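Working notes, beginning with the structure itself.
Since this is a predicted model, take the numbers as computed values, not measurements. Heavy atoms only: backbone and side chains are in, while hydrogens, waters and symmetry mates are out. Along the sequence shown, residues are numbered consecutively beginning with 1.
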Amino acid sequence: VSSSVTDALSNVVVVDRDGEAETLPLEPRGYYQPRFSPDGSALAFAVGKGALGVNGDIWVYTFAEGGLRRVTFGGSDLYPAWSPDGARIAYVDADRSRVVAIAADGSGGEQVLVGGEVEVWLPDSWAPDGTTLTMSKTGRTTDVYLVTAGEEETRLFAADASGAVISPDGLYLAYQSPPAGDARVYVQPLEGDGKWQISSGIAGYPRWSPDGTRLFFLDYSGSERVVMEVDVRSEETFRFGVPRKLFEVGQFVTATAPVVNWDTDGDRFAFVELLRDEGALQKIEVTLGWSAAIPGRP
């Protein structure tokens with residue numbers, strides 16, 4: 001198959017609440033996992049190749065300047081997650097099977113958060129105090145863990161789950177379970193008892209609004225993938241309203257569990273749009289007798 005298919009070139013697209021899309025002025029490349037900075041002034045994403053953006057690095061795009069800045073140089077970095085103050089970005093160093101944090105401006109050294117294991121850890125979100133992260137640990141199963149700086153032990157929060165994000169007040173955690181397939185969106189308190197199912201149909205990839213009054217997720221229960229919004233309250237106990245449809249996202253890359261491939265700052269929504277070479281997709285070349293070229297084979 002032509003490399004124009006396997007290279008998976010894409011654009012980063014920002015959509016408003018009415019579904020109006022604007023493509024960022026960037027050359028088509030392999031963009032993955034866009035993440036808004038806490039103040040909404042920038043987007044971080046991985047730029048690489050393959051299904052997860054491996055063989056790439058973390059870059060940051062600033063909306064005001066329209067500039068693109070490279071943050072990491074490891075060659076196998078993906079899945080960025082901003083700290084609450086926007087000063088650091090956690091990401092996966094795939095070559096060395098670890099999660100590290102680095103200053104968002106590229107200065108200073110790395111802080112290793114998790115490393116040295118066979119399983120893959122994906123940093124999903126930071127707690128407001130900037131010390132604890134939710135991570136999806138993928139091995140034989142995919143589960144949600146809490147990882148706190150300075151503590152050797154990790155805490156299992158939810159089994160058979162992924163994409164966990166902590167609410168802006170630090171009290172609740174939204175996630176999808178199971179990580180793929182017949183998934184639903186749930187909310188649980190970080191401490192104490194309670195559990196609420198937010199989506200009625202198949203859905204996943206939840207994201208909080210910055211002020212914590214709304215929860216967004218992607219609904220897959222119908223013929224089209226849809227961004228849903230639901231009002232939430234957490235003064236005394238967690239309460240939520242009826243989810244409502246915002247817009248359809250059929251043209252964007254979203255169904256990539258446990259990897260979350262979209263984000264929102266509450267009013268804007270960032271997606272990856274794959275550029276499809278329809279001509280190349282219609283042509284698959286078949287080579288016969290290829291084994292004869294292998295030394296020692298007839």
Side-chain angles (χ1 to χ4, degrees), residues 33 35 38 78-84 88-92 97-101 111-199 202-210 212 214-218 230 232-234 237-240 256-263:
Q33 306 115 32
R35 299 287 187 271
L78 63 148
Y79 213 70
W82 293 88
S83 64
R88 293 178 293 163
I89 296 176
Y91 62 92
V92 177
S97 301
R98 61 181 190 163
V99 175
V100 300
Q111 176 191 7
V112 179
L113 304 174
V114 174
E117 300 188 22
V118 175
E119 293 87 357
V120 175
W121 292 81
L122 301 175
D124 288 306
S125 75
W126 296 70
D129 62 7
T131 63
T132 298
L133 286 98
T134 64
M135 295 197 191
S136 298
K137 182 181 181 182
T138 301
R140 289 177 296 176
T141 62
T142 298
D143 310 303
V144 170
Y145 281 79
L146 300 179
V147 178
T148 300
E151 296 183 7
E152 294 185 3
E153 295 295 324
T154 59
R155 170 187 166 193
L156 175 64
F157 183 86
D160 197 28
S162 69
V165 285
I166 300 175
S167 61
D169 59 12
L171 299 178
Y172 298 94
L173 194 151
Y175 62 91
Q176 71 179 61
S177 181
D182 192 23
R184 301 292 189 275
V185 173
Y186 300 92
V187 169
Q188 285 185 229
L190 276 173
E191 304 292 341
D193 299 324
K195 183 175 181 178
W196 300 269
Q197 180 175 325
I198 307 301
S199 65
I202 300 173
Y205 312 99
R207 318 301 287 174
W208 298 93
S209 65
R214 292 165 292 158
L215 185 64
F216 302 89
F217 60 90
L218 302 182
V230 56
V232 298
R233 296 174 56 190
S234 59
T237 185
F238 185 79
R239 300 181 183 277
F240 64 98
T256 51
V259 172
V260 179
N261 227 342
W262 78 295
D263 198 23

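Ring-plane geometry between Y172 and F238 is classed as tilted, the angle between the planes lying from 30 to 60 degrees on a 0 to 90 degree scale.
For R88 (side chain) and G130 (main-chain N/O), a donor-acceptor pair under 3.5 Å exists by modelled atom type. A donor-acceptor distance shorter than 3.5 angstrom exists from the side chain of Y79 to the backbone of V260, with no hydrogens or angles considered. Judged by distance alone, the side chain of Y205 and the main-chain N or O of A257 form a donor-acceptor pair under 3.5 Å. Proximity of a side-chain donor or acceptor of W208 to a complementary backbone N or O of P168 within less than 3.5 Å is not detected. In terms of modelled atom types and a separation under 3.5 Å, the side chain of W126 and the main chain of A81 share a donor-acceptor contact. With hydrogens and angles ignored, the 3.5 Å screen pairs a side-chain donor or acceptor of T134 with a backbone N or O of S125. A donor-acceptor pair under 3.5 Å is absent between the side-chain atoms of T148 and the main chain of E151, judged by distance alone. Here the side chain of S136 pairs no donor or acceptor atom with the backbone of S162 at under 3.5 angstrom.
Contact between L113 and A101 at its shortest, heavy atoms only, is CD1-CB, 4.1 Å. The two residues P84 and A127 make their nearest non-hydrogen contact at CG-O, 3.0 Å. Taking every heavy atom of both residues into account, D143 and A159 meet most closely at OD1-CA, 3.3 Å. What you find for L133 and A90 is that their closest heavy atoms are CD2-CB, 3.9 Å. Annotation for E119 and G139: closest pair CG-CA, 3.8 Å, computed over non-hydrogen atoms.
For the pair M135 and T154, the minimum side-chain heavy-atom distance is 4.5 Å or more. With contacts defined as side-chain heavy-atom distances shorter than 4.5 Å, the pair V232/I198 does not qualify. Within the 4.5 Å cutoff, the side chain of V187 has no heavy atoms near those of the F240 side chain. The side-chain heavy atoms of D169 and S234, taken from C-beta on, include a pair separated by under 4.5 Å. In this structure, the side chains of D160 and P179 come closer than 4.5 Å at one or more pairs of heavy atoms. Under the 4.5 Å side-chain criterion, counting only non-hydrogen atoms from C-beta, Y145 is not in contact with V114. Using a 4.5 Å heavy-atom threshold, the side chains of V92 and L122 count as touching.
In this structure, R184 is not positioned above the aromatic face of F217 in the sense of NZ or CZ being under 6.0 Å from the six-membered ring centre and within 45° of the axis.
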Stepwise side chain to side chain contact (heavy atoms under 4.5 Å, CB included) test for Y91 and V99 | CA-CA 6 Å; Y91 62 92; V99 175; over 6 Å; no
Could you go through the side chain to side chain contact (heavy atoms under 4.5 Å, CB included) check for L146 and L173 one step at a time?
-> CA-CA 11 Å; L146 300 179; L173 194 151; 4.0 Å; yes
Result block: side-chain N/O donor-acceptor pairs under 3.5 angstrom for residues 188-197, not counting sequence neighbours:
| residue | atom | partner | partner atom | Å |
| --- | --- | --- | --- | --- |
| Q188 | OE1 | Y175 | OH | 2.5 |
| E191 | OE2 | R155 | NH1 | 3.2 |
| Q197 | NE2 | S199 | O | 2.8 |

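Among pairs with a residue in residues 120-142, those fulfilling salt bridge (charged side-chain N to carboxylate O under 4.0 Å, His left out) read E117-K137, at least two apart in sequence or across chains.
Applying the side-chain hydrogen bond (donor to acceptor under 3.5 Å, both in side chains) rule to R98 yields the partners D93, E110; only residues at least two apart in sequence or on another chain are considered.
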